[in-house]
Amino acid sequence: MTQTHSLQKKNSRTGRTALWVGGSAVVFFLIAILVNQTPLKETSLRLFFGRSALNFTLRAAVPLILGALSGILCERSGIVNIGIEGMMLAGAFGAFVVKVATTALPLPLSLFLATLAALAIGGAMAFILAVLSIRYKVNQIISGTVIITLAAGLTTYLFNPDWVSKGKFSNITIPLLVKIPVIGEVLFNNGLLTYLTLLLVVVTQIMLFRSRWGLRTRAIGEHPRAADTMGINVNRMRYINTVIGGMLAGLAGAFLVLEAVGQFKEGMTAGRGFISLAAMIFGNWTPVGAFGAALLFGYTQALQNEFLLAGVTAVPRHFISMLPYVVTIVVVAGFVGRSRPPAAEGQVYESEM
Amino acid sequence: METPQTTQKKPLFAPIWKTLRMPLLALLAALVVGAVVMVISGDNPLVAYWGLLQGAFGSLEAISRTIRKAIPFIFTGLSVAFAFKAGLFNIGASGQFLMGTICAAAVGVNFEGLPWIIHMPLAILAGILGGALWGGIAGWLKVWKGAHEVISTIMLNYIASLFVSWTVYAGGTQGQQPGPLSDPVAAARAISQTRDVFESARIPPLLPQVFDRVHWGILLAIAVAVLIWWILQKTTLGFEIRTVGENPHAAQYAGIRVGRTMMLSMAIAGGLAGLAGAVETLGLNYKFAPEFTGSVGFEGITIALLGQTHPLGVVLASFLMGSLYGGASKMQFDSGVPGEIIQVVQALVLAFVAAPAIIHEIQRLIFRNRQSAGEEDTPTVHIAPEGGLGGTK
C-alpha cells in the first residue's frame, strides 16, 4: 500500500462523488421543473420541490459550503479544524463592526471593507489555531476548542446591541440565464457572496486536484515525511492553508451578516461550523462532495421551514432538524459508503532536517 | 540529626508546588491577558476583578453561588478527564448532560408517592443511565464502526439538544403536539418546560441556614471524584483503562480487550456527565427547560486539563472555574464589564494549560537572565492519541 496508490484511489473516488452530486442534482431539478411549471404544482409536492424551498436551500447551504471548504483546506494539509464555528462567528462580528463603522461611506465600499474585515478576522483566528497546533504542538481538538470558546466570549463581550447595520448585498440578476425555468430563478438571482461561493467550489476543486499547490497540500496531509524529503516546507504549507481556510470561514460569517441577515446576533452561527464539518466528511473531503452535502443539509432546513409555513405538524420539527446530524453519524460510521480522512491529519510534524 | 529532617521536608511540599505551578501560572497569565483585553476595550480590569472576587467569595451568598456553579463542573470535568485516561476525547459532555437531565426529570415528575429513599436514587440512576447510553453510543460507534468520537459526540450533542427540546415542547398554534414531558399549565402560556419534580425526588439542601440553595450534590460530587480516583488507580478496570489510553496496541498484546474497555470508558464518561444533569435537575432547578442547557460543554475540557486530568485536580479546578462563573454576574453589576469576559479568560486558560511552552516563553521574557527552572519536568497532560477525524484508517 504505497501512498501514491491511496492518492490515486482518492482521485477516482472524487470523480464518483462528482457524478453522484451531479446526477442527483439533475434528477432533483427535473422534478422541480415539473412541479413548478406544470399543474402538479397544486399538490403537496410543492412542499418538497417548490421554488421557495429551493431558494431557501441555497441560502442555508452557502455558509455550510464555505465552512466545509475551510475544513477541507485545513484537513487536506493535516490540520484538524473543529474551530470553524468560532472563525465563522468572529468573521461575522468583524464584518458587522466594520459595516457599522463605515456607515457614512457609500454602501458598496462599506460592504467591501466589511467583507475584507471578515476575511482578516477569520484568518487571524485560524493563525492562532495554527500557532497552537504547529508551533506549540497542542492537540488540535483542544486548539479548536480554544478558538470556539474565544470567539464566543470575545464577540459577546465586545458586542454592543445599540449598533445597527444598514444595507446589505442585494440580489444581482444575471440576464438571460435567469430565464431558465426554475434552475435559473434559483441559481442566477442571488447576492454577490453566493456567486462567489459557487465559484469557490469550482476553483477549490480544480486547484486541489490539478495544481501544484493542491498536490503539495494533499501530499503533506497524507505523508508529510515524504513531502518534506521532496523539499516541501510542511509546516509553512500548513500555516498558509489554515489561514486561507480561516478566511473562508470568515467569509461564511460575512455572508450571514452582510447578505443573509443584515445584522449581528450573539452566537448567530448557531452550530453551522459543526454542520460544515459534517458536510466536509459526508463529501469525503472533496469540494464538490462537500457542496452536495451542504445542499442536502440546507435542504433539510428548507423542508423544516416549508413544513412550518404549510402547517404540516405530523412530524415535529425537532426531528427534521436532526436529519443532518443523524446522516453524518451514519456516514462517519460507514453504514452507507465510507469516508476516509487524510492519513496524517491531526499529527504534529517535526522535520528531521 | 537535624539534616535528614530538612531533606525529608522538601519532597513533602515540592511535588504539590510542582503539580500546581503550571495550572496556576496558566490561570494567572489568562487573567493578565483578559485584563489587557479589558483595557483595550475601555474597561477597568481592577474594578472588574475586584467585583469578580467579591462575587465569588465576598459573602455567604457569593460562596454559595461558587459552590453551586462548581457542582456540575466537577462531574463534567471528571467525565472528560476519565475519557482522556482511556485515550478518548469526550467532547459530548453537553449532550450526555442533557440526556441525564431529561431522564432524571422524567423519573422525577412521575411515580408520585414513592418514598424519598427510593425515588431520588432512582431519578439519579436514570440520569446516569441516560448519559451512559449517550456516551456508550459514541463508544460503540468508535469501537465497532470506526467513527471518530469527536465527530460523533458533536453530532450526538445536537441530536440530544433537539430531542430534549422536543420532549418539553409546549406545542404550537397550528396543531403541533406538545412533547411527552411538557407541563400542560406552562404549555398553555407557550412556555416549554417540564412540571416540577416531586418533593420525593429532590436532592435536599445542604445547611440551608448557612448556604443559599447549596445541596447535597456537592458532597456527592466529591465522593464521586474519590470513587473515580479509586477506580482508576486501584482496580483492574482502571489499570486496563490507563493501559489502553497509554498504548492500545500494547494493551491488545497484553490481552486486554481494547474495544470493550474503550466502550466502557465512554459509557462511564457519559454516565458522569449524565449525573451532572441529574444533580442539577433534582438539586437546583427541580425541572427542565431548554434554557437550562447550562454552560457545561467545553468547560469540562478546560476543567479536565486545568486539573491535569487527576480527579482531585478536577475538583480544585471546578471550584476555580465555579468562582469565575459565580463571580461574573456580580462583576457585571458592579463594574459594568460584561460577564462574557470570563469565557475569554477560560479560552486563554485552556490555551495556556494545553501549551505550557507559551508560559515558559513568557517566563523567559520576564526573567531574561534567570534560567526558568523546572522546564523539563513540567507534567505534560496526557491526552488522546494524535489523529484525525472520520472513519477508520
Side-chain angles (χ1 to χ4, degrees), chain A residues 75 78 80 82 128 132 135-143 145-159 221 266 271 274-275 277-278 281 285 308 311-313 316-319 321-322 324-326 328-329 331-335 338-348, chain B residues 37-38 41 89 91 137 141-142 144-148 150-152 154-159 162-163 165-167 169 172 174-177 179 298-299 301-302 305 337-348 350-351 353-358 381 383-384 386-393:
Chain A
E75 304 220 343
V80 174
I82 69 160
I128 298 177
L132 285 176
R135 184 185 165 117
Y136 294 107
K137 304 181 180 65
V138 175
N139 176 296
Q140 296 174 5
I141 309 287
I142 294 178
S143 320
T145 310
V146 169
I147 299 298
I148 296 166
T149 321
L150 193 63
L154 268 183
T155 53
T156 319
Y157 169 67
L158 296 172
F159 180 58
E266 294 165 17
F274 292 119
I275 310 183
L277 271 180
I281 295 168
W285 285 267
L308 195 69
V312 177
T313 55
R317 62 181 168 83
H318 308 90
F319 289 98
S321 307
M322 274 181 206
Y325 311 114
V326 176
T328 304
I329 288 183
V331 171
V332 174
F335 290 113
R338 171 65 88 182
S339 61
R340 197 191 73 86
E345 194 189 56
Q347 291 165 8
V348 171
Chain B
V37 172
M38 281 191 252
S41 59
F89 214 115
I91 214 163
I137 292 176
L141 286 168
K142 173 166 184 103
W144 278 284
K145 288 290 172 186
H148 196 287
V150 166
I151 289 296
S152 53
I154 289 175
M155 298 305 139
L156 285 167
N157 282 349
Y158 281 99
I159 296 174
L162 287 162
F163 176 76
S165 322
W166 168 72
T167 57
Y169 179 47
Q174 293 170 306
Q176 287 96 331
Q177 291 296 312
F298 291 138
E299 282 76 1
I301 299 171
T302 312
L305 290 186
V337 176
E340 281 77 17
I341 192 70
I342 294 309
Q343 220 178 337
V344 177
V345 171
Q346 187 207 323
L348 294 165
L350 181 57
V353 177
I358 300 179
V381 182
I383 34 178
E386 299 288 314
L389 314 171
T392 37
K393 293 171 187 170

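Naming convention: chains lettered A, B, ... in sequence-line order (proteins, then strands); numbering from 1 in each chain.
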A:Tyr325 and side-chain contact (heavy atoms from CB on, under 4.5 Å): which partner among B:Leu162, B:Leu156, B:Asn157? B:Leu162
Counting C-beta onward and ignoring hydrogens, is there a side-chain heavy-atom pair between A:Leu132 and B:Ile358 closer than 4.5 Å? yes
Which heavy atom in B:Glu340 sits nearest to a heavy atom in A:Gly153, and how many Å separate them? CB-O, 3.8 Å
Going by side-chain contact (heavy atoms from CB on, under 4.5 Å), B:Ile301 matches just one of A:Val146, A:Ile141, A:Thr145. Which one? A:Thr145
Among B:Phe163, B:Tyr169, B:Tyr158, which residue meets the ring-ring contact (aromatic ring centres under 6.0 Å, His included) test with A:His318? B:Tyr169
Looking at CD1 of B:Ile159 and OG of A:Ser321, how far apart are the two atoms once the value is rounded to the nearest 0.5 Å? 11.5 Å
State which residues pass side-chain contact (heavy atoms from CB on, under 4.5 Å) with A:Phe159; sequence neighbours excluded, sorted by chain then number. A:Phe93, A:Phe96, A:Pro161, A:Phe264, A:Glu266
So, taking the atom named CD1 in B:Ile154 and the one named CD1 in A:Ile329, what distance separates them when rounded to the nearest 0.5 Å? 10.5 Å
Taking every non-hydrogen pair under 4.5 Å, which of A:Thr149, A:Val326, A:Leu150 racks up the most with chain B? A:Thr149
Using a cut-off of under 4.5 Å for heavy-atom pairs, which of B:Gln346, B:Met155, B:Met38 has the most such pairs with chain A? B:Met155
Checking B:Leu350 against chain A: side chain, backbone, both or neither under 4.5 Å from a heavy atom? both
Interchain contact, A:Ile148 with chain B, by part (heavy-atom threshold 4.5 Å): side chain
As an exercise: rank B:Ala354, B:Ala347, B:Ala357 by heavy-atom pairs under 4.5 Å with chain A and give me the winner. B:Ala347
Which residues share a side chain to side chain donor-acceptor pair (under 3.5 Å) with A:Tyr157, sequence neighbours left out: B:Ser41, B:Asp43
Should B:Ile91 and A:Ile82 be marked as a side-chain contact (heavy atoms from CB on, under 4.5 Å) after you check the CA-CA gap, both sets of side-chain angles, and the distance that decides it? CA-CA 11 Å; B:Ile91 214 163; A:Ile82 69 160; 3.7 Å; yes
Report the distance from atom CG of A:Leu158 to atom CD1 of B:Ile341, rounding to the nearest 0.5 Å. 7.5 Å
